[in-house]
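These notes are about the structure you will find just below.
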Amino acid sequence: MKEVYFMETKAFQAESKKLLDMMIHSIYTHKEIFLRELISNASDAIDKLYFRSLTDDSVGLNKEDFFIRLELNKTQRTITITDNGIGMTEEELEKNLGTIANSGSLQFKTENKLGDEQQIIGQFGVGFYSAFMVAKRVTVYSRAFGTEQAHLWQSEGVEGYTITETGDFSDLTKHGTKIVLELMDDADEENYSEFLEDYRIQYLVKRYSDYIRFPIQMEVSHRKLKEGSEDEYDLEVTLETLNSQVPLWRKNKNEISDEEYQNFYQEKFNDYLSPMSWKHVHNEGTVTYDALLYIPAKAPFNYYTREYEKGLQLYSNGVLIMEKCGDLLPDYYSFVKGLVDSEDLSLNISREMLQHDRQLKLIAKSIEKTIHSELTRMLKNDRDKYEKFFDAFGMQIKYGVCSDYGMHKDDLSDLLLFYSSHEDKLVTLNEYVERMPEDQKEIYYASGSSLAQIKALPQTEAVLAKGYEILYFTVPVDEFAVKNMISFKDKEFKSVTASDLDLNSEEEKKALEEKNQENKTLFETMQKALEGKVQRVALSSRLKTYPVCLTSEGDLTLEMEKTLNAMPTDSKVQARLVLELNPEHPVFAKLSALDNSETIEKYAKLLYNQALLMENMPIENPAEFSSLICELM
Ligand code: ADP
Ligand code: MG
């Protein structure tokens, strides 16, 4: 090691420090996963160099040349992990190991989420720092491939780290990385010495890292009977490869346990939760590929933001060529994690070429079908699970119905769930349609900000009284989705607030029309008082207990108006509203007995504002409204 005159200890960034502290104080009950994390980093580093060697002859290395070596030293209590991968320069050591936020893809931004520690670490991926769960000091020697100087990074945890120059760091390789963990001392309930036992490490590699495509080697001691003796043994040490090196996705499905699938997912995609569901595909036909597709248990914290990047890992014949291939997943299935490995893709393919690659398009189509049928299967066979899935990712499916001019609606409509008046449960559109009584022609829905508010809407009364089911739309995208679909199984969607809700018999309609005519002048006076707010005032048969409600003519409902106008655009839209009155209500009797037009106008404003309030809409002039009430009282 070169002499260092002045060695400055650099502090971890504030956020990193906090996380590191949480990590060390062991949020993870499974300390053992440090090994899979470090091996996986070593494998990534080898992958990078191996990939380069395939396209650049000057690298001069073949697949067989690569290795990961584990060494255990009981006297010094160290575990050493060496790889001959791409290595790190001084800058890279600083950047990659000095900032937790650099690990994985997460930007540390949601301070207030700090409460849920497990969640945060999960989001970060445990990564390199998991070493501190078992080690009191971590030393990383590294030399980047193609450079002359090796460096040494050292840290004892939260206080910071140092980086210095160093000479050759390994007998095994000139380039790559060697990580030395000095294990913590055993304490009452914590046993770290177990990680110095061959059998323990052998077990952990088999369990978590078996599929790593490069050999993970270790010198293992075996007892051998001494020659000529019956009870005396010699220790024989042999270098062994601990992992089978067959990628999990290439193995036979019936050789893989659920636990293996789950471990693989957690390690690869940095999730502290087991996936909700997975699908292992071996596809042969127009395109040949293997794929592992996972549905996470929960939406990543940044899922519904621009930051989230969709995509599957893409391998060509076992070699990773792209970390996140977005073209493999449609946006509405962007929550799917996983990988695809195909022999049909060329290794040298660039990102731009991939976009136009016919094989890739075929694979994407086939994967989309697989996801759809997997979701359909879950919906049919495991409703509880599906509802959990929909709770996490249903929004994305609904957006999918609205996207690309509604061209995916036919594929996605079967996957939708909505709350409904039927036992207050989530229902599918198929279930709704199957339950429709014969005389019901349309699929009814009501929108609002919460189930409670929707259920209190006056407009739902008549529909429910008819024995018809109503879908309850609690998020704005619901209504936009059905507007895009227009109909489902030839039944059109209809808002219960539509002014032309056709629930009456011909006779009833006639009677209502006559009554409307009788009160023509009254309604005209009222409409004048509400100029610019409502198109007309009319009697309605849809109300049972409430005196008034607002309905809308045409496509735009009041809910949609609210949503659209909340968007940051200049142009505002306005629904064409009708103020409907309940002819059976005492308020209407009072109203029709009035002849002073000034009083009628005041009543009109009162009733209009009342209707707005019931829709959970703001009233325009609260001061005027309350003085009108006082006047009346
Ligand atoms: P992640 O693997 O999710 O990126 P880690 O915390 O595990 O996060 O590792 C941080 C970074 O440090 C890696 O992305 C990589 O750039 C670098 N790194 C870690 N271990 C090695 C290694 N053995 N060889 C080369 N680079 C490494
Ligand atoms: Mg890692």
Side-chain angles (χ1 to χ4, degrees), residues 12-13 15-17 19-20 22-24 28 33-52 61 66-71 79-108 120-135 138-147 150-155 157 161 163 166 169-170 172-181 208-209 212-214 216-217 263-272 300 309 313 320 323-324 337:
F12 286 105
Q13 294 199 347
E15 298 88 350
S16 310
K17 202 166 156 174
L19 279 169
L20 199 50
M22 275 154 47
M23 183 98 76
I24 294 165
Y28 269 83
I33 50 107
F34 80 93
L35 188 65
R36 86 168 183 208
E37 294 294 336
L38 297 183
I39 288 177
S40 134
N41 284 350
S43 163
D44 288 349
I46 294 176
D47 249 330
K48 285 176 196 156
L49 190 54
Y50 175 48
F51 183 64
R52 205 201 281 182
L61 290 163
F66 293 104
F67 63 85
I68 297 166
R69 180 73 67 89
L70 308 180
E71 284 163 283
I79 301 177
T80 303
I81 300 157
T82 309
D83 68 70
N84 61 348
I86 196 131
M88 284 177 273
T89 61
E90 183 177 7
E91 293 74 43
E92 283 165 340
L93 279 168
E94 168 95 44
K95 186 174 91 169
N96 298 334
L97 307 185
T99 338
I100 287 204
N102 254 338
S103 113
S105 57
L106 186 82
Q107 303 246 333
F108 193 84
I120 296 169
I121 300 286
Q123 302 284 8
F124 272 97
V126 196
F128 169 77
Y129 295 93
S130 61
F132 289 101
M133 297 196 299
V134 297
V138 178
T139 312
V140 181
Y141 302 85
S142 198
R143 178 164 150 193
F145 181 82
T147 66
H151 289 89
L152 176 164
W153 179 102
Q154 194 170 60
S155 169
Y161 58 92
I163 298 179
T166 185
F169 59 85
S170 170
L172 301 167
T173 177
K174 289 246 173 291
H175 56 86
T177 302
K178 178 171 108 177
I179 300 183
V180 182
L181 310 180
Y208 293 113
S209 312
I212 295 284
R213 288 176 305 113
F214 306 100
I216 303 168
Q217 306 163 337
N263 280 336
F264 181 82
Y265 165 81
Q266 290 186 283
E267 187 267 322
K268 203 145 195 115
F269 302 107
N270 287 334
D271 195 343
Y272 71 103
E309 201 189 334
Q313 279 195 334
L320 182 66
E323 191 59 45
K324 267 196 180 159
K337 305 247 182 212

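In what follows, every heavy atom counts, from backbone to side chain, and hydrogens, waters and symmetry copies are set aside. Index from 1, following the sequence. All ligand and atom numbering here is 1-based and tracks the order in the structure.
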*asked:* Looking at Gly176, is its backbone amide N or carbonyl O close enough to the side chain of Ser142 to form a donor-acceptor pair, meaning the two atoms are under 3.5 Å apart?
replied: yes
*Is a side-chain N or O of Gln266 found less than 3.5 angstrom from the main chain of Tyr272, in a donor-acceptor match?*
yes
*asked:* Looking only at distances, can you tell me whether any N or O atom of Asp44, backbone or side chain, sits closer than 3.5 Å to an N or O atom of ligand 1?
replied: no
_Plane angle bin for Phe128 and Phe132 - parallel if under 30°, tilted between 30 and 60°, otherwise perpendicular_ = perpendicular
*Which bit of Ile179 gets closer than 4.0 Å to ligand 1, counting heavy atoms only: side chain, backbone, both or neither?*
neither
_With nothing but distance in play, are any N or O atoms of Asp83 less than 3.5 Å from an N or O of ligand 1?_
yes
_Heteroatom distance test (Asn41, ligand 1): nitrogen or oxygen, under 3.5 angstrom_ = yes
*Would Leu97 count as a contact of ligand 1 if the rule is a heavy atom under 4.0 Å away?*
yes
*Assign the ring pair Phe169 / Tyr141 to parallel, tilted or perpendicular, where the plane angle (0 to 90°) is split at 30° and 60°.*
parallel
*Just checking, any donor-acceptor pair under 3.5 angstrom between side chains of Tyr129 and Glu37?*
no
_the Mg ion (ligand 2) contact by Asn41, N, O or S atom under 2.8 Å_ = yes
*Kindly indicate, with the supporting measurements, whether the criterion side-chain contact (heavy atoms from CB on, under 4.5 Å) is fulfilled by Ile81 and Leu35.*
CA-CA 9 Å; Ile81 300 157; Leu35 188 65; 4.2 Å; yes
*Is the shortest N/O to N/O distance between Phe128 and ligand 1 below 3.5 Å?*
yes
*Would you call Glu37 a ligand 1 contact, heavy-atom distance under 4.0 Å?*
no
